[in-house]
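A short write-up of the structure that comes next.
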Amino acid sequence: MAEVVMKKLTLAGVASEKQRLLETLAFCGAVEVKNASYLLKLEEELMSGASMDAGDAYALRGDLEKLQGAVGVLQPFAPKKSMLAPKPQISQGEMQETLQDRAAAVASAEEVLRIARERAAIAPERGKMEGQILSLSPWVKTGLPLSLTETKFVKLLYGTFPAAADLPQTLERMEAYDCVVNLVSSDTNAHYVLVLYCKGAEEEVLSALRELSFSRVQLREYAGTPAEEICKLEKKIEEGERLFETLTQALAAKGDESPAVQRMIDSIGSRILIEDAHTDLMVTAHTFFLNGFVPETRIGTLERALRDFSVAYQLDEVDPEVDDPPVLLKNSKLVQPYEMVTELYGLPLYNGIDPTPAFAPFFWLFFGIMFGDMAYGLLMMAISGLILLKVKPEGFAKKLFSLVFQGGVAAFIIGLATGSFFGDAISIFSGTFLGKAVGFKSYFDPLKNPMEMLYISCVLGMIHLLWGMTLKFYLCLREKDYAGAFFDIGLWWLLFVGIAMFALNVPMGRYVMMIAAVGLVLTQGRSKGNIFSKLFSGVLSLYNITGFLGDVLSYARLMALMLSSAVIASVFNAIGVLGGPSVIGLVLFIVVFCIGHFVNMFTGGLGAYVHASRLQYVEFFGKFYDSGGRAFIPYKVQTKYHTLISEEEN
Amino acid sequence: MFTSGVSLAILGAAVAAGLAGTGSAIGVGVAGEAAAGVVSEDPGKFGLTLLLQALPGTQGIYGTLMAFLVLSKIGVIGGNIVPIDIETGLRLLFACVPIGLVGWTSGIAQGKTCAAGIILIAKRPGEIAKGMVYGAMVETYAVLALLISFLAYANIHV
């Protein structure tokens, strides 16, 4: 319905222009380049002497990685931007200019990364030194330099007894040996002792100590007294802190470079794309060969781009069976956002049918019914509208926010009909705090007329399903499958008409119904082999009528979700006014109101989106739609931080 | 045992909110466990996994909805309790059974389905719509149960 026709592009040019052509094509974005290697196999003789081209993006990727690292590091220091600020613009020429400073930019990025590494190493180093101070501090009282481990006759031994040990008894037991045990300090972990013993008594002393759960402490790495060492470490920590400050300032000073680095990243990204495109080309000594797909709508752009090249090219009709052409949807601005819903399910086949315009009004209406509230709708419109106007997102994000905006319109309109503004917030609030309940007029209250709402839901469902069958009918006619159109769809319609007539007591209804049923029994098994299985499948097909009923009943979710978002909103309003008409009551109301309606908007909005999608995917698409197409991915420069503007527009 | 229907109606509200809420709590929990696992690998998927984790939460909302409707019908919310007879109380109680039971079981089942959907988007984030639709398939039965509960409730007059 709304798919763009693709053309097959075959292009040959001279090698000297190859690089410039690839650049031009990358910025015009009209072509999907197809890898040419299949041709080497296809026509081996013709292609002798040709080979696949090679690109060199290795160094570029290395640079890109460094620059991306630098942007990450600089992010906290970058100039603050408003969340709503649009991305800066960049053009092909500006990218080329930017690339001339590549070496300097990479060097600067390396410097940033080096500083960041050095800065990141300070904290663990500091942690280590703090641990050392902690292990030294119990020994401060000894006042002995730690390098002193023995004298001519005596050895010094630093160690601990467990905190649980009975210290006086331990010391008393050690008196029997040729040693002195000095208690230096104690804390909750251990008793810290310095043992002096004669070298001759080493063995007995050590074994006695072991029995008393003495454990040795290694302090050999230090030279001065514990107090001196601690002082030294503290000084080092301070130095580290100063260095950290200096390095942070250095990074902050480079923060302003962040936009330039981002510019370089996008520029290098374009260069990588172009280098990679080389690998899809076939080359001989003096020529190159490129093939791909061009959407019919972009042929003009392509032809303008190719004007100043000495190339030979032709555009052919695609054969969907052989060429595997990509799919590009084309819809009016109003319908475009709903392409997102189609894309998430799966694109249509190339020669299939784009269901987007067919379901868009239903999606819109269903979302509105399930999320109908004036205030919610206004909020959705305001937020998405602000983003669309200020940030100017592109691609998927643009479709998403446009969809949110349109959903907001639907919610507002349905809310107007039901008189719902944050549920019944206005009447509850004015009733409690102003003494007189006022509110919007409700033209239709689903809570008071649930049966009517159920009927409306099911009727909408039937229309939706019959519309799906109509599309199937159209597809069958297009494929010249007349039997399918009239037996598989037409007879069902006849059956529905008969049932409706029967239900309304129209005299002929019974017969219309029977004719349709007999027709279905006779035709639905027509693909089967023998007469019995033909009849059996025919009879079995009547069972589908329950399937149709199930489909219709599935639309009851429209009513259920409509009720649930309305009732939950009023639950929060009712809880909000429990404090009564007082200042505290007002504060309570505001708090409950904000939290409650935020939660309801999130769950209700998500539910409405999911179920509006589901009704398309399961009930509607099930009737006629085949997905399985491949998206058109143009050979086009992608930018992360900038909006690419074409030079033609300037 | 009962002299008025009010306690029966409150029991009904308890069945609706309690059982359906239990189902949702378990469902959201199961989905959340899967989501945390996925986010441990890729913190950028928080938003996507949260969408799927929220889906099994609706059963609890449906249950609360019924409970609220019943409680406001008999005046427990609003202040003036309407003295109803045992028959009416039993009717309200039975009206709450569908959403209570189906909310409970479908909440758990939907939680598992959404957990599987979360694993799906761990590998293929582009396929989130399909994961959501699998979850919405389960929810159909909670919607139908709510429908029956509500229709029964709407035709009980006190």
Query raised in the report: When the ring planes of A:Phe624 and A:Phe621 are compared, do they come out parallel, tilted or perpendicular, using 30° and 60° as the limits?
Result: perpendicular
Query - Parallel, tilted or perpendicular, as decided by the 30° and 60° cut-offs, for the rings of A:Phe589 and A:Phe429 - result: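 If you compare the ring of A:Phe429 with that of A:Phe589, the planes turn out tilted.
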With a 4.5 angstrom heavy-atom cut-off, which part of [X] approaches chain A: side chain, backbone, both or neither?
X	answer
B:Ala136	both
B:Thr140	both
B:Met66	neither
B:Leu65	both
B:Leu151	side chain
B:Leu146	side chain

Heavy-atom contact with chain B under 4.5 Å, split by part of [X]:
X	value
A:Ala574	side chain
A:Ser564	both
A:Val618	side chain
A:Leu561	side chain
A:Tyr617	side chain

Side chains of [X] and [Y]: is there a donor and an acceptor less than 3.5 Å apart?
X	Y	value
A:Tyr345	A:Gln616	no
A:Glu339	A:Thr356	no
B:Asp85	B:Thr88	yes

Query - Sole residue of A:Phe572, A:Phe598, A:Phe422 in side chain to side chain contact (heavy atoms under 4.5 Å, CB included) with A:Phe593 - result: A:Phe422
Query raised in the report: Salt-bridged, A:Arg557 to B:Glu139, with N to O below 4.0 Å?
Result: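 B:Glu139 and A:Arg557: not salt-bridged.
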Report task. Measure the shortest side-chain to side-chain distance between A:Leu460 and A:His464 over non-hydrogen atoms and say whether it is less than 4.5 angstrom. Result -> no
Query raised in the report: If you tally heavy-atom pairs under 4.5 Å against chain B, which of A:Leu563, A:Leu454, A:Asn600, A:Leu578 wins?
Result: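 Sorted descending by pairs with chain B, the first entry is A:Leu563.
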